[in-house]
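Down below is the structure, laid out as structure tokens.
Chain letters run A, B, ... following the sequence lines, proteins first, then strands; residues in each count from 1. Given the structure is predicted, the values throughout are model-derived calculations rather than measurements.
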Amino acid sequence: MYMVDTEKRVIITAALPYSEAIPHLGNFVGSILPADVFYKYSKLAGYDSIFICGSDQHGTPIEIRALKEGVEPKEFADKVHKEIKHILERFGCSFTYYGKTDSDSNKRAVYEIFNALYKNGFINKVDSVMPYCNIDKRFLTDRYIEGVCPYCGFEGARGDQCDNCGHLLNPSELIRPYCGLCHNNEIEFKKTTNLAIALDKLQPEILEFVKGRMGSWSKNAANKTISYLEQGLEAREITRDMKWGFEVPLEGYKDKVFYVWFDAVIGYIGISMDWSDQWEQYWKGKDTKLIQFMGKDNIEFHTMMWPGILIGSDLGYVLPHTIYAYEYLTAKGLKFSKSRGVGLNMGNALEIAGSDYWRFALMYLAPESSDTDFTIALFVDIVNKIMNGKIGNYVHRVLTLLKNSGLKASELVEDEKSMDKVAVLTRKYAEDFEALKMREALRELVAIADIGNEMISSSKPWELIGKDGVKQGSEGRAKELLGGMVSIVRRMGVLMWPFAPDASSKILKRFGISEPRLSDLEKPLKELNLEGLGPVFSKLSDKQLKELERFEEDS
RNA sequence: AGCGAGGUAGGGUAGUCUGGAGUGCCCGCCGGGCUCAUAACCCGGAGAUCGGUGGUUCAAAUCCACCCCUCGCUACCA
């Protein structure tokens with residue numbers, strides 16, 4: 001019935017969270033959550049899919065953060081990695097493997113790819129002059145050199161941008177520059193040579209790749225990429241003068257490390273290597289579809305640089321099939337924060353409400369095509385009205401009716417005709433998913449609940465079924481009505497799994513389903529376990545609301 | 001400043017590629033119904049100069065031009 005090619009292998013990835021801090025809800029809904037939801041759908045549909053993600057551990061911010069805390073960067077990054085992994089699991093994410101970029105496997109993958117790029121002639125040397133702090137004995141990235149803004153005279157402008165007037169800056173433009181780390185002014189501009197990937201040489205092949213694939217990309221990713229390509233790509237540096245990272249395996253560059261973006265995108269492969277020996281069947285499989293989710297700030301890395309790396313190294317890895325870049329979930333009137341304790345991050349969100357509530361509400365508002373505001377009022381509405389009122393209440397009232405009727409589920413009759421609308425919505429649900437319109441798919445589920453509730457209202461089953469069973473002579477009618485209603489409960493349980501896995505499992509357990517598949521919907525109803533009936537969802541309590549309000553902006 | 005995305009009832013969105021009556025959805029609001037269910041559910045209604053101006057067209061939310069506002073990127077944040 002569902003036109004799914006189960007022979008096809010699928011790799012699903014989400015942009016790797018940077019292991020400096022616990023992601024906030026906006027980060028979560030911008031890549032990992034939709035990726036996880038899509039992965040769960042792919043399992044429902046019967047795809048041979050894997051879901052790969054992990055922590056991005058290198059780069060200057062982590063090195064400096066560790067320095068400040070007086071620990072080794074690796075120790076710091078591994079600690080945060082464990083915290084992120086734990087919180088994502090608590091949010092119901094079912095990664096095939098959640099790894100990290102600072103691993104031996106990823107180092108092997110990076111070296112293999114770098115050596116191939118080098119051999120194939122796509123590695124350039126690039127000379128540049130960079131600020132160097134003679135006290136800290138290190139080169140400073142644009143962010144970590146400060147001084148007076150040449151445009152507005154603001155003291156404390158950073159080398160990349162002035163926070164006061166918004167002007168974009170170069171470090172050399174700063175007046176009276178000083179080191180952003182030790183605040184001394186012993187700055188020297190020194191020459192350094194780094195390695196770069198020759199995206200300019202790879203441009204024709206990247207262009208060809210983009211043209212062939214952009215039909216299945218999100219609009220922002222496709223258009224931005226075309227615009228970049230029209231302007232022409234430049235060589236992009238892949239090494240840095242710092243200690244934390246994978247050292248460059250080339251004579252003359254061994255005191256440098258690979259640039260964090262380079263080993264982060266390759267991390268998708270490196271992390272898969274840590275997962276299983278089967279990794280190659282996926283990454284080098286001819287028919288593998290690579291589907292990648294990310295926030296809009298990550299587009300160019302996935303649409304040009306990453307394909308450029310794969311094309312230039314020519315090692316037989318699959319290129320991205322679908323690139324879906326989410327807009328931002330903004331938090332008007334709410335504090336979304338990455339730093340602990342200050343705002344609503346993934347950790348304290350779970351202390352207020354269970355993961356199902358966040359997953360469902362966030363996907364209901366998922367910023368698929370434009371920035372979307374997340375407010376407490378919206379969250380409360382979605383939980384109380386949609387999840388609790390429509391879906392949870394429907395499940396509960398039908399199962400209660402069934403229990404009161406004393407009828408066995410196996411003797412219920414499903415009236416095909418009354419199920420037509422529901423079947424159409426289920427088909428739309430699958431189509432929405434295939435088109436990555438997951439928010440729409442979730443709305444089909446809500447529409448199914450609407451149909452269920454309407455069926456109950458119009459057929460008035462309480463006239464046939466009392467607390468002590470079905471009224472004399474109404475058994476046939478009761479079996480018909482309950483057949484449709486109960487099968488909708490099962491359907492909602494299955495279709496809800498990607499969005500609210502806990503509640504879904506709770507419902508499906510009654511039907512004896514542990515690994516839901518869309519094909520379960522075609523099976524006749526079996527006996528149900530109606531032990532301990534209770535609400536599937538509940539409304540947010542006053543206590544929960546109070547806790548949420550703590551995260552409202554004071555202004 | 002350049003490039004990309006977005007601006008649609010009180011709020012949130014779909015529709016825009018491929019022009020055809022302001023067409024749909026969720027919340028809120030108003031009115032009615034129901035009593036199986038969690039003060040839950042169902043039905044009906046009101047509410048929109050489709051960011052602005054100008055243009056093309058028999059016809060524009062949709063196509064073109066210019067302008068305003070929000071977000072992102074601009075190659076050394078990741």
Exercise. How long is the line joining CG of A:D56 and C1' of B:C77, in whole Å?
Worked result: 11 Å

Seminar exercise, completed: Against the side chain of A:K390, the closest entry in B:C42, B:C76, B:G4 is B:C42

For this session: State which of B:A14, B:C36, B:U74 makes the closest approach to the side chain of A:L168.
Result: B:U74

Problem set entry | Nearest-nucleotide pick for A:N220, side chain only, options being B:C71, B:A5, B:C41 | B:A5

For this session: Establish, with yes or no, whether the OP1 or OP2 oxygen of B:A37 is under 4.0 angstrom from a side-chain nitrogen or oxygen of A:K467.
Result: yes

For this session: Figure out the CZ/C1' separation between A:F262 and B:C77, and round it to whole Å.
Result: 19 Å

Problem set entry | Aromatic plane relationship, A:F499 with A:Y429 - under 30° parallel, 30 to 60° tilted, over 60° perpendicular | perpendicular

Seminar exercise, completed: Side-chain atoms of A:T400 come closest, of B:C27, B:G12, B:A37, to B:A37

Seminar exercise, completed: From the candidates B:C36, B:G4, B:A78, the one with an atom nearest any side-chain atom of A:K224 is B:G4

Exercise. Looking only at side chains, do A:T225 and A:T303 share a donor and an acceptor under 3.5 Å apart?
Worked result: yes

Exercise. Roughly how far apart, to the nearest Å, are B:C63 and B:A14 at atom P?
Worked result: 16 Å

Exercise. Paired with B:C34 by Watson-Crick or G-U wobble geometry, both distances under 3.5 Å: which nucleotide is it?
Worked result: none

Exercise. Which value, in whole Å, describes the distance between the P atoms of nucleotides B:U49 and B:C66?
Worked result: 27 Å

For this session: Among B:G15, B:A37, B:C73, find the nucleotide with the atom closest to the side chain of A:N393.
Result: B:A37

Problem set entry | Euclidean distance, atom CD of residue A:E327 to atom P of B:G7 [Å, nearest integer] | 10 Å

Problem set entry | Rounded interatomic separation in angstrom, taking CG from A:L195 and P from B:A75 | 20 Å

Seminar exercise, completed: Quick note, A:N223 side chain, CB onward, closest among B:G4, B:C26, B:A78 is B:G4

For this session: Can you tell me the pairing partner of B:U23 across any strand shown, Watson-Crick or G-U wobble, with both distances under 3.5 angstrom?
Result: B:A14

Problem set entry | Candidates B:A37, B:G4, B:A78 - which lies nearest the side chain of A:R236 | B:A78

Exercise. Quick one: A:I299 CD1 to B:U74 C1', roughly how many Å, whole number?
Worked result: 13 Å

Exercise. Taking the side chain of A:K539 as heavy atoms from C-beta outward, which of B:U38, B:C77, B:C73 is closest to it?
Worked result: B:U38

For this session: Give the nucleotide from the list B:C36, B:C76, B:C27 with an atom nearest to the side chain of A:K385.
Result: B:C27

Problem set entry | Whole-angstrom distance between B:G55 and B:G19, as gauged at atom C1' | 15 Å

Problem set entry | Span that lies between the P atom of B:C68 and that of B:G12, in whole angstrom | 23 Å

Problem set entry | Nearest-angstrom distance, C1' atom, B:A60 to B:C69 | 23 Å

Exercise. Expressed as a whole number of Å, how far does the P atom of B:C58 sit from that of B:U74?
Worked result: 47 Å

Exercise. More than 12 heavy atoms of other residues, nucleotides or ligands under 6.0 Å from NZ of A:K243: is that the case?
Worked result: no

Problem set entry | Nearest-angstrom distance from the residue atom CG of A:L533 to P of B:A37 | 12 Å

For this session: Using whole Å, report how far CH2 of A:W217 lies from C1' of B:A5.
Result: 16 Å

For this session: Measure the distance from CG on A:L378 to P on B:C26 and round it to the nearest whole Å.
Result: 15 Å

For this session: For B:G6 versus B:U62, give the span between their P atoms, rounded off to a whole number of Å.
Result: 14 Å

Problem set entry | Span that lies between the C1' atom of B:G15 and that of B:A48, in whole angstrom | 15 Å

